[in-house]
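As the structure is a computational prediction, the values presented were derived from the model and not from experiment. Within every chain, numbering begins at 1; the chains are lettered A, B, ... in the order of the sequence lines, protein sequences first and strands thereafter.
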Amino acid sequence: MGRIQRFLSALGQPTIYALVHLHRLNRLGMETLRWIFIEPFRGRKIRWRSVIEQSVRVGWQSIPIVGIISFFVGLILAMQSAYQLEPFGATIYVANLVAVSLTRELGPLLTAIIITGRFGSAIAAEIGTMKVGEEIDALKTMGLNPVSFLVVPRFLALIIMLPALTLISDFLGILGAYLFSISALDISSIRFINQTINALVLRDIVTGLIKSGVFAVIIASIGSYEGFIVEGGAEGVGKSTTNSVVVSIFLIITADVVFTALFYSTL
Amino acid sequence: MLDVSTRNIDKKGVVIAIAGDVDLYSSPEVRKVIIDLTNKKTKNILVDLSRVSYMDSSGVATLVEGLQQVGKYGGKLILFGLEASVKEVFELSRLDKVFEIYPDEKTALDHLKK
Amino acid sequence: MSKEAIVQVRDLVTYYGKRQILKGVNLDIYRGEILVILGRSGCGKSTLLRHLIGLLKPTSGQILIKGQDITTMNEDEMREILKKIGMLFQGAALFNSMTVGENVALPLREHTQLEDSTIQIMTRIKLDLVGLSGFENFKPSQLSGGMKKRAGLARALAMDPEILFCDEPSAGLDPVVAMGIDQLILKLKNAFKMTIVVVTHELASVFTIADRIAMLHEGEIIFQGTPEEIKKSEHPVVQQFLNREADDVEPDREKYLSSLVKP
């Protein structure tokens, strides 16, 4: 084989793999959308009980970890920006900086990354284990669609809960900055709150929530997809679980760049 | 197609006559009739199964439910006229010992009078 | 009673990549019989079974269940057919996140309008039938291998199916427990007049349960007949299988050497 051929095949192989994955992922996405938007009108209802169960897992049970991390990040952000702003005597702008960067960027991103680790990986592991144990086949032979049964409830739970968690994250992050500012920076409580409210526009929060909606789609799709493609027993489940986290985080950051650029340019 | 009709025999007794196949999709009809009667605390419920050629486990389960309900107020639920194939379904789930089963309406009524 | 073919397989051909797994399989399964599909590992018998329950689509050929071709069906039509079919998986394939009772109740909850109280009684009847009464609230992980199979069987029976498929029902079980499962399968056939298709390579259970045997070898059916007939068969592969002879390892020195020193 010539050098050029070898080069092309080295280039082609991963490209083909990527395209195959993309095609299958797209098919899974379409199937999910069909079970959310079309099948309910044909009498095949969404399993709301299951959606609620999953929402409790992804939402309610994640509040402590999301809350604490966001609080700490808010605290860190306040300290770092105070360090920069102090020489100019402008420490009051800590409030602006923290509020805007949390709501627009860090709140959605942090929450998405935590939930990827907590829930995205769990989706991949659960569906993967079910695939290996022939449970997916069992569902099919009972005439139950695995996408409707497993993916749709997790998908909806994430779409609802990730933005909700993001709001909690925003709030607790700002709370961290607030506690630092009133105790260490000689800023009065009222002043900090006023400054924050003046700094924030609704747009900041909304763009953050739009992002977190997109992140939810990524986490749910990649988690489920990695679960369905598991092959080769327990080892395969482990591999897919890891992949789901790596791929999700990569795609989340990529999507973040795109959306931030979009929001920035249309400011 | 399933046909369920009721007929009073005396102040305390009702015969439910079932005709057709009792399966996963038709047994809710049977259940509705039985539960209506047990809600009225009907003392004696006789179920005529002589025109039932097929009964699956949902039918059996429905009758068990009826039996459980009448037990709560001290009533009776009696089956009669079972075809061999239907009787077999009861035997398999060892429920022929649980129900009072008689060959026909007359023997069932005779037994009640005692 | 004339024999009515409830499942008909016609010229079934399937490929896995470039490898041909099934090479034109023809098979009739009659109402009320236990048909055992026998064969060595890798002969395509599991693949055949997965086609029969619609988990795989063939490259060509037809599978008629009660006269309807399932290979060309859409999801809605297939769902109706599947309600009449039960499947026992090799590893039981119970849903580990649910209790045994919820596993059995699931198809009833999803496909029927029955009241929860009725479903609960049905679930208990099924569990009693397979000898698992009282295990309703156990999780599958708390059960032994044989009990899992029984629970899987109870779930397969939930909808009172006309046809029951079993993939290696006695695999991985000790002989006594395996015998118990075989007895249960016989009981189901006799009591419910169920049509039962069993895929296995366990000779002991074949002669206990089979009305008819179809032997699959390298993607082709090489024998069909009763247990008595298979014992008289002179087909070398059938003979080898029944007598548990190992494959001849031909001492081809040249070939062996070249395989070792191949660049």
Side-chain angles (χ1 to χ4, degrees), chain B residues 1-2 4 16 18 20-39 45 47 52-73 77 79 82-99 101, chain C residues 1 31-32 79-86 101 104-134 136 150 153-164 183-194 196:
Chain B
M1 282 302 97
L2 189 79
V4 188
I16 305 175
I18 304 171
D21 291 354
V22 184
D23 60 22
L24 292 170
Y25 309 99
S26 61
S27 65
E29 277 181 64
V30 179
R31 183 181 187 274
K32 198 177 159 292
V33 174
I34 294 182
I35 296 298
D36 275 352
L37 289 174
T38 57
N39 283 345
I45 300 174
V47 186
V52 173
S53 50
Y54 173 81
M55 180 182 279
D56 70 4
S57 53
S58 71
V60 176
T62 303
L63 293 175
V64 172
E65 225 183 323
L67 193 65
Q68 178 199 3
Q69 292 301 322
V70 295
K72 283 182 188 163
Y73 57 83
L77 187 132
L79 313 179
L82 279 68
E83 276 188 25
S85 60
V86 175
K87 193 156 188 188
E88 217 169 333
V89 178
F90 280 88
E91 281 164 6
L92 252 157
S93 28
R94 297 186 296 163
L95 286 165
D96 53 329
K97 306 275 189 304
V98 176
F99 284 98
I101 300 177
Chain C
M1 198 179 83
R31 192 181 279 277
R79 192 183 301 119
E80 290 310 310
I81 292 282
L82 287 170
K83 287 180 187 172
K84 294 272 150 223
I85 292 178
V104 180
L106 182 68
L108 296 166
R109 291 220 169 95
E110 295 293 331
H111 291 312
T112 72
Q113 308 292 319
L114 296 170
E115 294 291 326
D116 263 357
S117 53
T118 315
I119 289 177
Q120 195 179 35
I121 295 170
M122 288 177 73
T123 304
R124 289 180 183 154
I125 292 177
K126 304 291 177 193
L127 284 174
D128 183 75
L129 189 70
V130 299
L132 280 182
S133 33
E136 204 182 337
R150 284 166 183 276
L153 199 52
R155 186 179 66 186
L157 297 174
M159 300 275 289
D160 289 308
E162 289 176 41
I163 314 172
L164 175 67
Q183 297 297 347
L184 205 51
I185 289 173
L186 277 175
K187 180 170 150 189
L188 293 173
K189 178 205 145 191
N190 293 331
F192 297 104
K193 316 280 178 283
M194 223 176 265
I196 302 176

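Of the two parts of B:Glu88, only the side chain, counted from C-beta on, holds a non-hydrogen atom closer than 4.5 Å to a non-hydrogen atom of chain C. Neither the backbone nor the side chain of C:Leu157 comes within contact range of chain B; no heavy atom of the residue lies under 4.5 Å from a heavy atom of that chain.
Scanning all heavy atoms of the two residues, the minimum distance from B:Ser58 to C:Asp160 falls at N-OD2, 4.3 Å. Scanning all heavy atoms of the two residues, the minimum distance from C:Lys83 to B:Tyr25 falls at CD-OH, 3.4 Å.
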For B:Ser85 and C:Lys193, what are the C-alpha separation, side-chain angles and deciding distance, and is it a side-chain contact (heavy atoms from CB on, under 4.5 Å)? CA-CA 10 Å; B:Ser85 60; C:Lys193 316 280 178 283; over 6 Å; no
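The line from OG of B:Ser57 to CZ of C:Arg124 is 14.5 Å long, rounded to the nearest 0.5 Å. Interatomic distance, C:Gln120 CD to B:Glu65 CD, rounded to the nearest 0.5 Å: 9.0 Å. Atom CE of residue C:Met122 and atom OG1 of residue B:Thr62 lie 8.0 Å apart, to the nearest 0.5 angstrom. Summarising the geometry, atom CG belonging to B:Leu95 is positioned 8.0 Å from atom CG belonging to C:Asp128; distances are rounded to the nearest 0.5 Å. Distance check, rounded to the nearest 0.5 Å: OG of C:Ser117 to CD of B:Gln68 gives 7.5 Å.
Taking a 6.0 Å sphere around NZ of C:Lys189, one finds it holds more than 12 heavy atoms contributed by other residues, nucleotides or ligands.
Residues B:Leu24 and C:Leu108 are in side-chain contact: their nearest non-hydrogen atoms beyond the backbone lie under 4.5 Å apart.
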